[in-house]
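In what follows, a structure is listed as C-alpha cells, so that the remarks can point back to it.
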Amino acid sequence: TGSHANRYTSIPSISIPSFGKPSSTSIAPETPLVEALAPAIIPVQSEKLINISSETQAQVTSIIVTEQKNGVPAGSIKNIYFTETQESVSLPLDTNRFLAFEGIQLHDTLKRSLDKQLMVGFLGETSGQTTPFIILKISDYDSAVAGMLDGEPGLPKLFDTVFGTEIGGTATVKFKDIIVLEKNARLLETVSGTKMVYSFSDKNTIIITGSRLALETLLSLATTK
C-alpha cells in the first residue's frame, strides 16, 4: 500500500426500467471512494511512499529533505511510509529493518525495547515551519526510558541521518528537563534554537521531534488516539 489518496473509483451507471411507463435511465452520481492512507500511529492528512528496494540510503534522505522543503500545510501531518519489495511483494518496514537500512545504532537498552511499528513524518506548524518527527513504539517502558537517557548523545545522529539535519555538529549534546502538557520531556537546545525534544506519550510510545510546539501537537494526537 502506498499513497493512494488521489485515486478515485466511480460507481458505474445503472439502468433502472420503470414498469408501465416509458423507460427511463437513472445515472448514479459519481461517488469518490478514497482508498485509506497507509497505517500510521497518529492520523495523517497526506503521505509519501518510499520503497527502499530501488533507493540507496543517501537517495532516501534526499527524497525526505525534498519533502520537507516542499512544506506541509499548517496543522496537517505527512507520513513518510517505507516499504521493501520481497519476492515481488511490497512489505512495510519494521523498526529494526528501518534502522539497519539507515545505518543507525541506537543505545542497546533502547533497541531491545523497541516494537516493530514506527512512524516518520512532518508536522506543518502555524509559523510556516515544517517540523520532522519520529514516533517509536516500545514494549518495555522502563528499559526505553533508561535507553533514551543513556543514548541521548546519539539521538542527533538519528535526525541527521533520516532528515539530513546537522544537529550532530553541535559542540555538546546536553538535554534538559522540561514539562510539556504535564508530561516529562527532554529538550536539546543550542544558541540557534531548539534542535530536538522528546517525550513518552504513554507507556508504549516515544515521540521525538524538532520543536516544543510540535511535541505538544503530537502528544495531543497520540494521547487521544
Side-chain angles (χ1 to χ4, degrees), residues 1-8 34-73 76-108 110-125 129-138 151 153-170 195-196 198 205-211 214 218 221-222:
T1 63
S3 179
H4 303 292
N6 293 323
R7 293 185 181 178
Y8 298 90
V34 182
E35 225 173 296
L37 295 171
I41 295 173
I42 59 176
V44 305
Q45 287 69 50
S46 61
E47 63 184 9
K48 172 68 176 181
L49 169 65
I50 302 178
N51 188 318
I52 68 167
S53 300
S54 57
E55 309 287 351
T56 65
Q57 188 275 325
Q59 288 171 329
V60 167
T61 299
S62 179
I63 293 170
I64 293 173
V65 169
T66 298
E67 288 297 314
Q68 183 172 16
K69 288 180 179 177
N70 290 339
V72 177
S76 69
I77 292 174
K78 170 168 277 191
N79 180 28
I80 308 297
Y81 183 60
F82 302 92
T83 62
E84 183 174 29
T85 301
Q86 297 180 10
E87 299 180 355
S88 300
V89 178
S90 183
L91 301 173
L93 259 61
D94 63 23
T95 304
N96 286 331
R97 180 67 185 105
F98 173 76
L99 294 174
F101 173 77
E102 293 283 356
I104 298 169
Q105 290 293 331
L106 296 179
H107 192 277
D108 286 344
L110 173 62
K111 192 173 181 179
R112 286 194 297 269
S113 69
L114 292 176
D115 212 333
K116 290 184 177 182
Q117 190 180 13
L118 87 160
M119 181 178 177
V120 175
F122 293 107
L123 168 68
E125 297 197 52
Q129 180 175 327
T130 297
T131 305
F133 67 85
I134 294 178
I135 302 178
L136 300 170
K137 300 298 286 186
I138 56 173
L155 289 180
K157 186 178 179 182
L158 173 64
F159 263 35
D160 290 351
T161 303
V162 176
F163 299 110
T165 55
E166 297 179 351
I167 305 172
T170 305
K195 295 295 184 181
M196 181 179 287
Y198 73 86
T205 311
I206 308 170
I207 298 175
I208 312 169
T209 187
S211 82
L218 295 169
L221 291 170

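No side-chain heavy atom of Leu218 sits less than 4.5 Å from a side-chain heavy atom of Met119. Residues Thr130 and Asn70 have side chains not in contact (no heavy-atom distance under 4.5 Å, counting atoms from C-beta outward). The shortest side-chain heavy-atom distance between Val120 and Val162 falls under the 4.5 Å cut-off. By the 4.5 Å heavy-atom criterion applied to side chains, Glu84 and Leu91 are not counted as neighbours. Contact check for Glu102 versus Thr61: side-chain heavy atoms found under the 4.5 Å cut-off. You'll find the side chain of Ser62 stays beyond 4.5 Å of the side chain of Val65, heavy atoms only. Looking only at side-chain heavy atoms (C-beta outward), Phe159 and Ile134 come within less than 4.5 Å of each other. In this structure the side chain of Thr161 reaches within 4.5 angstrom of the side chain of Gln57, judged on heavy atoms.
Atom CD1 of Ile52 sits about 9.0 Å away from atom CZ of Phe82, to the nearest 0.5 Å. The OG atom of Ser46 sits 9.5 Å away from the CD1 atom of Ile77 when rounded to the nearest 0.5 Å. Between the CD1 atom in Ile80 and the CG atom in Leu118 there is a gap of 11.5 Å [rounded to 0.5 Å]. Taking CD1 of Ile42 as the start and CD1 of Ile207 as the end, the distance is 6.5 Å to the nearest 0.5 Å. Once rounded to the nearest 0.5 Å, the distance linking CZ of Phe101 with OG1 of Thr56 reads 6.5 Å. Here CD1 of Ile104 is found 10.5 Å from NZ of Lys111. Values are rounded to the nearest 0.5 Å.
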- Task: Check the pair Thr95, Asp115 against side chain to side chain contact (heavy atoms under 4.5 Å, CB included), reporting the backbone distance first and the verdict last.
- Result: CA-CA 7 Å; Thr95 304; Asp115 212 333; 6.0 Å; no
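When every heavy atom of Phe163 is checked against every heavy atom of Gly121, the shortest pair comes out as CE2-O, 4.0 Å. Considering every non-hydrogen atom in both Pro132 and Thr209, the closest pair reads O-OG1, 2.8 Å. Here the closest non-hydrogen pair linking Lys78 and Glu47 is CG-CA, 4.1 Å. The shortest heavy-atom contact between Phe98 and Leu93 is CA-CD2, 3.8 Å. Residues Pro156 and Met196 approach most closely at CA-CE, 3.9 Å, considering heavy atoms. Here the closest heavy-atom approach between residue Ala40 and residue Asn79 is recorded as CB-ND2, 3.9 Å.
In this structure a side-chain-to-backbone donor-acceptor pair under 3.5 Å is present from Asp160 to Ile167. Between the side chain of Thr85 and the backbone N or O of Ser53, no donor-acceptor pair lies under 3.5 Å.
When the shell of 6.0 Å around NZ of Lys157 is examined, it contains 12 or fewer heavy atoms from other residues, nucleotides or ligands.
Between the side chains of Glu125 and Ser211, at least one donor N or O lies within less than 3.5 Å of an accepting N or O.
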